[in-house]
Every structure is written in structure tokens, then in C-alpha cells.
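What follows is a single structure, written as C-alpha cells, with notes after it.
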Amino acid sequence: QIQRALRSLCIPLERLHIMKGHMMQDMCKGLSRQTHTQAKVRMLPTYICSTPNGTEKGNFLVVELCQNLVRILLVTLYGDGNMSPQIVYKIFDMPEGIMQGEGEALFDFIAQCVSQFLAETTASDTSSSEERLPLGFVFPFTCRQTQLDKAELISWSKGFSCSGVVGKDVVQMLQSAINKQKLSHVDVVALMNDTVGTMMTCCTEGRPCEIAVVADKGSNCCFMAEAHLVETAEETSGRMCVNTEWGCFGDDGSLDDILTPYDKSVDEESSNPGQKRFEKLVGTLYLGEIVRHTLIALTAEKAVFTGTDTAVLRRKGVFTIQHVLDIINNEDGTTDVKRVLEVLGLQPSERDCGRVQQICRAVVGRAATLHAVGLAAILSYMCQTRDLETLMVNVGMDGELYKGYSRFEEILQSVSRLLSPECMATLLPSRDGSGRGAAMVTAVALRLAAQRCAVDEVLGPLRLTHADLQKVQALMRQEMERGLGKNTNATASVRMLPTYVSHTPDGTERGNFLALDLGGTNFRVLVVRVAEEGITMASEIYVIPPAIMRGTGEALFDHIIDCIMDFQTKQNLMTHTLPLGFTFSFPCQQVGLDKALLLTWTKGFTASGCVGEDVVQLLRDAAQRKQHSGLKVVALLNDTVGTMMACGYDDPKCEIGLIVGTGTNACYMEEMRNVGTVEGDEGRMCINTEWGAFGDSGCLDHIFTHFDRVVDETTINPGKQRFEKLISGMYLGEIVRQILLVMTEKQLLFQGRASQKLQTRNIFQTKFLSTIEHNGLALRQIRAILNELELDASFEDCVLLREVCQAVSLRAAQLCAAGLAAVVEKIRENRGLDQLSVSVGVDGTLYKLHPCFSHNLQKTLKDLAPKCEVSFHLSEDGSGKGAALVAAVASRAA
Ligand code: ADP
Ligand code: MG
């Protein structure tokens with residue numbers, strides 16, 4: 001019979017694995033918005049989103065409500081890594097009747113304790129009402145928290161049943177009671193569970209603690225979860241501490257198959273049968289009871305205490321946890337056992353003592369094992385949701401069972417290691433209970449609030465309102481009009497250059513063409529075959545050596561001809577004379593489709609003797625010098641036009657081309673009658689806006705931030721391309737870097753230490769924004785980027801870095817949308833339409849690869865131009881395909 005009883009208290013390993021799985025499932029259920037109301041493991045958000053970093057300092061008052069008593073503490077933190085806080089405390093016994101009386105009386109009593117404590121203990125610096133004194137409130141009951149300082153009591157437990165509190169905000173109740181005591185300089189800043197306090201207590205410098213287990217009368221655990229998984233709270237970035245309330249695990253029956261008859265008896269005799277099933281297997285309030293019921297059963301089977309009086313066993317609660325611990329903690333011999341049992345009024349034989357000891361060990365050992373199952377579930381959950389292969393984490397520990405049972409720690413370690421071999425938990429004993437932690441939570445809350453203010457101050461200027469964007473849109477429209485006007489064109493910042501492209505493709509274009517693409521990241525030569533079956537291309541990338549980019553124009557164009565001849569030779573095209581379209585992505589004053597004067601070089605080109613010259617002629621001259629007679633240049637175009645044409649081949653509604661890559665620019669189909677700079681009023685013409693220069697006249701100065709000005713000043717063209725410098729790939733990374741430098745200086749990032757690397761210009765690439773803003777915070781990649789920059793970043797640094805990147809890329813997308821809104825609205829008005837449906841062909845790596853840019857652009861455009869329905873198509877190789885199509889449309893029109 002003894003063996004049977006012992007076996008029933010022993011749970012096989014595979015069953016523990018299953019239980020861990022159930023616990024993890026229940027945790028997910030508790031966190032999910034859809035299922036949390038039915039979840040037994042409540043997973044309550046605590047609104048604690050940060051662990052202490054050691055810089056916290058000041059005086060903090062803590063109120064701990066415990067069983068039968070109230071503990072008031074004054075904790076002074078020195079910003080020294082929380083190594084040596086000064087703690088003064090006083091314990092107040094709760095008078096008879098308070099625990100079951102009126103809620104108001106309970107809170108009045110607590111406030112009186114606070115008042116008395118302050119009067120007795122504090123120096124002048126905390127009793128003066130000028131200095132605010134923040135208070136953290138440890139309230140160990142199940143609450144529905146909606147803010148750090150807002151928590152409705154869900155239900156009382158632990159013998160409390162004060163009236164008029166359930167459903168009320170307990171922070172509010174405490175604050176009112178405190179105010180009544182004329183202590184209005186005391187602010188209740190944070191409320192937390194005792195588990196959370198324990199976790200925080202165990203955090204010291206360089207040693208974050210992200211889990212706490214309290215193995216006490218009841219049992220509970222909290223841990224730092226990824227905030228976006230805590231769907232019951234609004235917070236989406238960073239982490240949040242979740243109070244699991246795992247004591248209710250098993251209330252849906254999932255533990256039924258391991259319950260012994262003794263557990264069932266304990267449950268039936270409890271005040272809440274069927275509830276808190278897990279807690280009733282592991283809480284010290286119940287372990288003695290389980291032993292007692294086991295002994296009752298064994299006595300009835302005559303396996304123990306035969307022939308002696310065992311009436312005492314029928315008294316509920318006679319076996320306390322202390323008795324049980326006394327019985328098992330003595331590893332050798334049974335003298336202690338005998339003594340304990342005799343004190344209880346039993347007359348054990350030597351054999352009885354051995355058996356009772358075995359039973360006690362089994363019951364308490366099982367409790368430790370079950371704690372390990374719960375801990376393993378938390379560990380594996382954290383490891384999985386943080387996308388880690390292995391997890392190393394510190395676990396704060398407290399409670400009667402942890403402290404009182406000598407093998408608890410060993411069992412917890414070894415079993416959780418078996419169940420979650422991928423995780424490595426280090427157990428840290430809590431020294432001062434939850435009080436010190438509560439002070440730290442309060443301190444962290446104040447630190448975060450101050451930090452939030454400082455961050456908002458830095459990022460505020462980058463945040464544009466709807467009205468700001470409307471104004472940018474209106475200004476763009478104004479500049480566009482000025483660019484189109486015959487007399488205003490010369491002074492307009494948006495040049496609105498005619499392209500002499502009058503038609504978008506209609507899909508009937510055919511033939512073989514050569515194309516050149518100069519002015520993007522690569523110089524390329526292509527052959528494009530436009531056939532009924534579709535467009536096919538072959539291309540070759542050629543290098544333009546920096547010496548040639550900055551040498552003479554002749555050398556540059558000679559080099560281009562060399563490349564063309566090389567390409568034609570390789571493609572067996574030397575004997576053919578194919579029409580050539582030249583994508584030349586620099587601002588040009590076009591006077592015909594095949595005649596374009598270079599206005600200025602950009603993007604690092606400075607070849608001499610080209611500005612003011614006809615680029616097509618320069619190419620033809622070079623061909624002549626190289627005696628290449630089979631070259632027929634029919635069109636020169638901008639990459640925006642190429643992009644529009646390439647998309648137009650598939651979608652006749654495509655009348656806009658947009659580039660968001662190294663730079664930004666747009667073109668669109670304008671009515672000839674509006675183009676003051678070209679003769680003729682019939683039909684349409686594609687206009688290359690060159691909107692990158694928008695703002696060069698100063699009209700956008702009001703939205704430029706300090707960071708934008710610094711970035712502008714360090715470019716090769718200060719004061720130029722101002723709009724582009726807010727939007728495009730060449731600059732966004734640098735803007736972010738400038739912000740990071742300022743934030744570091746303000747001690748908001750990297751503990752105030754910027755690496756040498758971060759001080760290097762252009763070291764922060766725009767592609768980093770894409771990685772950092774990628775959904776679900778790919779922490780490992782962010783760390784990798786920061787390590788590359790020799791920055792030692794905390795988790796919170798990563799979260800803030802992401803916020804910075806988001807602010808910069810969002811603004812870029814919004815400004816781009818404001819520009820585009822001006823364009824689509826102009827087209828709509830040109831055509832006298834109430835509603836315009838139009839497509840945009842887009843190219844550029846920033847637009848294509850950034851995770852949010854296109855979404856933000858489209859969303860903002862909808863807001864700014866609600867009467868236009870705009871669809872976006874990615875252009876596949878617009879510069880090549882588009883050049884061929886311009887050449888084809890030109891041949892057809894001719
Ligand atoms: P170009 O505009 O010169 O024709 P791209 O359209 O390829 O060339 O744009 C290149 C620019 O895109 C680079 O200057 C860089 O700033 C940016 N970029 C490159 N990779 C990414 C990325 N993954 N996410 C966002 N931007 C990127
Ligand atoms: Mg390009």
C-alpha cells in the first residue's frame with residue numbers, strides 16, 4: 001500500500017513533458033485576444049515594460065500588503081547599479097476584522113500606516129511636501145491592470161474579503177486614502193503583484209532578471225514576454241512583464257489524470273473546490289493537507305499507525321508545512337520525525353516514522369517537480385518567441401517552499417533542464433522580498449516617463465501632421481505651376497522639364513532596340529526585343545571608373561561607345577543598325593526627343609565640357625570618333641519616364657513614373673496647353689518634374705529639422721535637392737545616424753556612449769532601416785548591425801532605435817505621398833474629373849525593399865488625395881524596357 005501511494009505521487013517524465021506542453025498552450029490562450037476570457041492561466045499584463053538598468057535613483061515609498069500585516073518601506077536608490085539600496089521599513093499588524101471588513105477601512109488603515117511611518121522614520125527631505133514621494137504598491141491579488149497605476153481587483157484570496165473593492169481601481173482607492181491623511185505629496189505611481197516585485201528585486205547591474213517564481217502558500221510566476229504577443233494590452237513594441245497566475249492551471253481538467261485521491265480530498269475540503277488545481281498540488285498551504293489525507297488513507301488500510309490513536313489526523317490543518325519540512329529536511333535518521341509526530345499527538349513506531357518521511361518527501365518532491373514543469377514551459381516559450389536557439393536567463397526565487405525545502409533548488413534545476421534542454425536558468429534568491437523590487441518598478445516607471453518625454457522632444461520635429469502634409473502638397477502644386485509657366489520656369493525649384501514623350505505605349509509596339517542606362521547605380525547596355533509574345537532583354541553591366549566620371553566629357557562618351565561596341569560584338573549585333581534609346585538620369589533641358597542639354601551633373605559625375613551641351617550629340621560625336629557608323633540614337637529619356645513607359649506597356653492607365661532609390665523623382669502626363677515652355681497646345685507630354693529639388697527655394701525650411709540641416713551641410717551639394725534629402729536612400733541612413741548621435745549625447749541610448757564607428761559619416765546605411773523595421777523585431781539582426789557599429793545595445797536601445805528608424809522612414813514616405821498627391825490632383829483637375837483612376841509605375845530599391853515605405857506612401861496618398869484612386873505597379877527594369885519603348889513609340893509616331 002505504501003508503494004502504491006508513493007507511486008501515485010510520482011509523475012513519469014513523459015507525463016511531465018505533456019504537462020509542459022499544456023502549460024505552454026494555456027499561456028498562449030491567456031495572451032490571445034480571442035481566447036483570453038476562457039483561459040485558466042490568466043497571463044495578466046502588468047504594464048511593466050522594462051527591468052531596472054541600475055541608473056535609478058531617489059527615494060521611494062513602498063506599501064506591501066501581506067497576510068495579516070502591512071509593511072511600509074522607504075527605499076533609497078543611488079544609481080549605482082542597485083547594489084546597495086538603503087532600506088528602512090516598519091511592519092504594522094492588521095487589526096482584527098480589517099481583512100473581512102469594509103474596503104475603505106482597509107485602505108484608511110494602510111494610509112495611516114504610511115503616515116505614521118513617515119512621521120517616525122523620515123528625515124526632512126521626504127516629509128517636506130514640495131518633494132514628490134513616489135509610492136509603489138505591492139498588492140498580491142488577481143487584478144485586471146490597464147496601466148501601471150490602474151488596476152481593478154478581480155477577486156480577493158488569502159483570507160481577504162473586504163467589501164466594495166472587487167471591480168474598483170485599487171490604486172485610486174489607496175491614493176484617496178492617502179490624500180485624506182494630508183500626504184498629497186505621495187503619489188501612487190505603480191501597482192504590482194508580489195511576483196513582479198520579486199523579479200525586480202533580483203535585478204542588479206549587468207544581471208537582468210526576467211522571470212520570478214514565488215513558491216509560497218500559493219504559487220505564481222511572472223516573466224518578461226514580447227509585448228506584441230500580449231494582445232490583451234495595447235503595447236506592441238518591446239517587452240512586458242506578464243503575471244501568469246499559473247495557480248489556476250488545470251482548472252479545465254488538464255491535470256485530472258495525475259490527481260491522487262488525497263489531492264481530491266484536499267480540494268473537496270477547501271473553500272474553493274475545483275479551482276486553483278495546480279496551486280493545490282504545489283502551494284505550502286496545501287502540502288501538509290496532502291500528507292494528512294495520505295496518512296488517513298494509509299491508516300485506514302492499516303499500513304501505518306496500526307493499533308494507535310490517530311484521531312488527531314482528522315483535524316484540518318493540523319499538519320503544517322513546517323511539520324512537513326522538519327520531517328524531510330533531516331536526511332539521516334528519523335529522530336526528528338518521531339519528535340514531530342509525537343508533538344502532534346501520534347505514537348509512531350520506527351517503521352511509521354520511515355514511512356511518513358517517505359510520504360512527505362514524495363509530496364514535497366512532487367511540488368518541486370511541478371514547479372519545474374511550469375518553469376520549463378516559461379523558458380521554452382521565451383526561447384521560442386525570442387527566436388533564439390538557446391536561452392540564458394536569470395530567475396528570481398522566493399517563498400516558503402523555496403527557502404524551506406533544501407532540495408527544492410536542485411529539483412527545479414534538474415527537472416527544468418530535462419524538460420527544456422535548450423534553456424539555461426540561473427536561480428537567484430530574493431533577499432528583501434518584493435519591497436525593494438517595488439521601489440525599483442516605481443523608479444523605472446519614473447525613469448521611463450522622463451525618457452519618453454525626452455525622446456518625444458527629439459523626434460517631435462520629424463512627426464508631420466495631416467495639415468503639415470497638406471501644406472507640402474499645396475507648395476508642391478505651386479512650384480509645379482511655376483515650373484510649367486513660360487516666365488516663371490527659370491526660377492522654379494521644381495523644373496518640370498518637357499520630355500518630348502507624348503504617348504504612353506499601347507501594347508502594339510514591335511521591334512528590336514538598343515538601350516543605354518546611365519545615372520543609376522550601374523551603367524548598362526541592353527538589347528530589347530519587343531515582340532507579340534512579350535519583351536525579352538539581354539544586358540551587360542559596365543563599370544565607369546571614377547577617373548572617367550570626373551575626367552573629360554570626351555573620355556566619358558568614348559568609354560560609353562567602347563562599351564556599346566563590346567556589347568554588340570558579344571551579342572552578334574555589329575552588323576545591325578538598331579534604334580537606340582538612352583536612359584540618362586540627370587536633369588536635362590530637352591528640346592526634342594533626341595536633343596537634350598545637360599543642366600547639371602548629379603550623383604558624383606563631374607565630367608567636363610558636358611553641362612549645357614546636347615548629350616545625344618556628345619554620344620554621336622564619340623561614335624564618329626570611334627568610327628562606329630551603325631548607331632541610331634532616336635531618344636533620350638529620364639529613368640522616371642522609362643519606368644512609366646515600362647509599366648504603361650502592361651497597363652494603359654499608367655501615366656506617372658516614380659523613383660525612390662538613391663534619389664527620388666517623378667514624371668507624369670501633362671496637357672500640352674499647360675506646358676508653357678513648349679510650343680503647341682494639342683495633346684499631352686510627359687513632364688519630368690525633377691521634384692528632388694523642391695524646397696531649394698526655401699519653401700520647405702519650416703519642416704527641416706536640425707538633423708536634416710546637418711546632413712545637408714555635409715553633402716557635396718549643400719542647399720540643393722532638399723526634398724530628395726528628406727526622402728531617398730542616399731540620405732535616410734545618415735539622418736538616422738544624426739539622431740542616434742544626439743540621443744546618445746542626451747543619455748537616451750547606448751548608456752551615453754557612442755562608438756567611434758557611429759561618428760563616421762554614412763556608416764549607417766539605409767538598408768539597415770529595412771532590417772530594423774522588419775516586422776516582429778528581428779532582435780538578432782538588429783544586434784548584428786549594432787555590433788558591426790561597435791555599439792553595445794540593450795534590448796531597450798534596440799526598441800528605441802527602431803522607433804527612430806520608423807519616424808524617419810515614415811516621414812519620407814509621407815512627404816513622397818504629398819508630392820504625389822499634388823501630381824494626381826493636377827491630372828484630375830486637368831481632365832475636369834470628379835474621380836480619377838490612374839496608375840503609377842515605381843522603381844527604386846528603397847520603395848521595393850523597405851518593409852513599410854510603400855504601405856505608408858499609399859495610405860498617406862489616400863488621405864491627401866481622396867478623389868484619386870491610385871494603383872502602384874513595380875516596374876521591372878524600367879530603364880532598359882522603357883528606353884526601348886520610347887524608341888518604339890517614337891518610331892511609330894514618326
Ligand atoms: P538607383 O536609384 O541608383 O537606380 P536603386 O534603386 O537600386 O538604385 O537604389 C539604391 C539605393 O537604395 C541605395 O542608395 C540605398 O540607399 C537604398 N537601398 C539599398 N538596399 C536597400 C534596402 N534593403 N532597403 C532600403 N533601401 C535600400
Ligand atoms: Mg534606378
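In each ligand, atom 1 is the first atom listed, and ligand 1 is the first ligand listed.
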Problem - Contacting atoms of ligand 1, where contact means under 4.0 angstrom from a heavy atom of Gly844 - result: 6 (O)

Practice task
Return yes if a side-chain donor-acceptor contact under 3.5 Å exists between Thr705 and Asp708, otherwise no.
Solution key: yes

Practice task
Would you tell me whether Ser608 and Thr552 have side-chain atoms, one donor and one acceptor, within less than 3.5 Å of each other?
Solution key: no

Completion exercise
Gly661 heavy atoms within 4.0 Å reach ligand 1 at atoms 2 (O), 6 (O), 9 (O), 11 (C)

Practice task
With atom 24 (N) of ligand 1 as the reference point, say which of Gly878, Gly519, Ser770 has the nearest heavy atom.
Solution key: Ser770

Fill in the blank from the handout: Smallest heavy-atom separation, Gln590 atom then Pro498 atom, equals CB-O, 3.2 Å

Handout entry: Check: Asn489 side chain, Gly483 main-chain N or O, donor-acceptor pair, under 3.5 Å
Key = yes

Exercise for the section: Give yes or no for whether the N/O distance cutoff of 3.5 Å, strictly under, is met between His850 and ligand 1. Expected result: no

Completion exercise
Note: ligand 1 atoms sitting under 4.0 Å from heavy atoms of Leu849 are 22 (C), 23 (N), 24 (N)

Fill in the blank from the handout: For Lys767, the ligand 1 atoms with a heavy-atom partner under 4.0 Å come out as 20 (N), 21 (C), 22 (C), 23 (N), 24 (N)

Problem - Asp863 side chain to His466 side chain, donor-acceptor N/O pair below 3.5 angstrom - result: no

Handout entry: Tyr542 and Asp566: side chain donor to acceptor below 3.5 Å
Key = yes

Problem - Sub-4.0 Å atoms of ligand 1 with respect to non-hydrogen atoms of Gly729 - result: 16 (O)

